[in-house]
Number of protein chains: 2
Amino acid sequence: MSTSPKRHDVFQAIADPTRREILKLLAGRELAVTEVAEKFPISRTAVSKHLLILDEAGLVESRKTGREKRFTLKPEPLSELEQWLSYFEQFWQNKMSMLKHLAEKKEN
Amino acid sequence: MSTSPKRHDVFQAIADPTRREILKLLAGRELAVTEVAEKFPISRTAVSKHLLILDEAGLVESRKTGREKRFTLKPEPLSELEQWLSYFEQFWQNKMSMLKHLAEKKEN
DNA sequence: ATTATATACAACCAAATGGTTTCATGTCAA
DNA sequence: TTGACATGAAACCATTTGGTTGTATATAAT
């Protein structure tokens, strides 16, 4: 009845860089498996597996329309991450060290 | 010269539940490998490996005093996570769904 | 000097992970 | 209805992961 059997949690789901990219791709727009796969150098099957893992973590939602299955981001489970993170904020006594660290990363 | 060769990033580092627990343990206090290992059902060697991975991700700092090596939390790299998360906040259009999701988890 | 403690290092192992290719099936278009 | 397209599913593979045990070495404590 509930969603997927949840063999993967949010922390595992976002551990993989490809999956993190997929999430960004699906943020806002709805894409079919093939459309997602086009953006990556790996096979459609591999992308499909990543989508399954993201689905198990509740991070994406899918809808079958005709022969394709279209996915969108479902950001809610990220709250668990946010919650986890919030615990550590108290140990960032001086937020400066964090800001400095942030400034050091040019990358997104 | 920089810290460790960083074969592991923050996302991978926090993917494992044992490592997440270790981080909480080290938040605030400084513990030696053996002291950390005592809190887990796994071997000291296994814990030591987890500490190495956390170190590679820059999430802990160690200091050798006599025959022991004492670790503490170094939360700064968590900013990368926070940064990553912040991107998705815009897709949480109504924060209610997030709060609802948070409310559903009794667990910490 | 001897023993106990704290850690490191190496070898090994089973299971999980991230990928592939191949084949089957359902759906759309000519 | 025949072919093209989108996906699913299975089998397989190499590497990584999370763990183990055993051995070595440095530091304390007796």
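Computation of the quantities below employed the complete heavy-atom set of this structure, encompassing side-chain atoms and omitting hydrogens, waters and symmetry-equivalent molecules. In what follows, chains carry the letters A, B, and so on, assigned in the order in which the sequence lines appear, proteins first and then strands, with residues in each chain numbered from 1.
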Task: Short N-O contact, A:Glu61 and A:Arg63, less than 4.0 angstrom - done: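 No.
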[atom1] of [X] versus [atom2] of [N]: gap in Å, rounded?
X: A:Glu38; N: D:dC5; atom1: CD; atom2: C1'; value: 12 Å
X: A:Asp55; N: D:dG8; atom1: CG; atom2: P; value: 10 Å
X: B:Arg20; N: D:dG18; atom1: CZ; atom2: C1'; value: 15 Å
X: A:Leu31; N: D:dA6; atom1: CG; atom2: C1'; value: 14 Å
X: A:Leu51; N: D:dA6; atom1: CG; atom2: P; value: 15 Å

How many angstroms lie between [atom1] in [X] and [atom2] in [Y], if you round to the nearest 0.5 Å?
X: A:Leu51; Y: A:Lys69; atom1: CG; atom2: NZ; value: 8.5 Å
X: A:Leu52; Y: A:Phe71; atom1: CG; atom2: CZ; value: 8.0 Å
X: B:Tyr87; Y: A:Lys24; atom1: OH; atom2: NZ; value: 5.5 Å
X: B:Ile22; Y: B:His50; atom1: CD1; atom2: NE2; value: 6.0 Å

Task: Check: A:Arg44 side chain, A:Ala37 main-chain N or O, donor-acceptor pair, under 3.5 Å - done: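 Flag not set: sc A:Arg44 to bb A:Ala37 has no pair under 3.5 Å.
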Task: Donor-acceptor contact present, side-chain A:Arg19 to main-chain A:Ile14, <3.5 Å - done: no
TODO: Run through A:Val36, A:Leu23, A:Thr72, A:Ile53 and flag the one making a side-chain contact (heavy atoms from CB on, under 4.5 Å) with A:Val60.
DONE: A:Leu23
Open item on the list: Using heavy-atom distances to pick each residue's nearest nucleotide on DNA chain C, tell me which of A:Ile42 and A:Lys64 is more 5'.
Closed with: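 Upstream on the strand: A:Ile42.
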- [ ] Could you pick out which residue, A:Thr18 or A:Gly66, lies toward the 5' side of DNA chain C when each is mapped onto its nearest nucleotide?
- [x]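 Its nearest nucleotide lies further toward 5', so the answer is A:Thr18.
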Open item on the list: Quick check: closest heavy atoms across B:Lys39 and B:Glu35, and the distance to 0.1 Å?
Closed with: CG-O, 3.6 Å
Task: Phosphate contact (C:dT17 OP1 or OP2) by A:His50 side-chain N/O below 4.0 Å - done: no
Task: Any B:Ser43 side-chain N or O less than 4.0 Å from OP1/OP2 of D:dG19 - done: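 Result: no.
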Can you check nucleotides 10-17 of chain D for protein contacts, nitrogen or oxygen pairs under 3.5 Å, and list what you find?
| unit_1 | atom_1 | unit_2 | atom_2 | d |
| --- | --- | --- | --- | --- |
| D:dT17 | OP1 | B:Gln12 | NE2 | 3.3 |

Task: Which nucleotide in D:dT20, D:dG19, D:dG8 has an atom nearest any side-chain atom of A:Ser48 - done: D:dG8
Any N/O pairs under 3.5 Å between the protein and nucleotides 1-6 of chain C? List them or say none.
| unit_1 | atom_1 | unit_2 | atom_2 | d |
| --- | --- | --- | --- | --- |
| C:dT5 | O4' | B:Arg67 | NH1 | 3.1 |
| C:dT5 | O2 | B:Arg67 | NH1 | 3.1 |

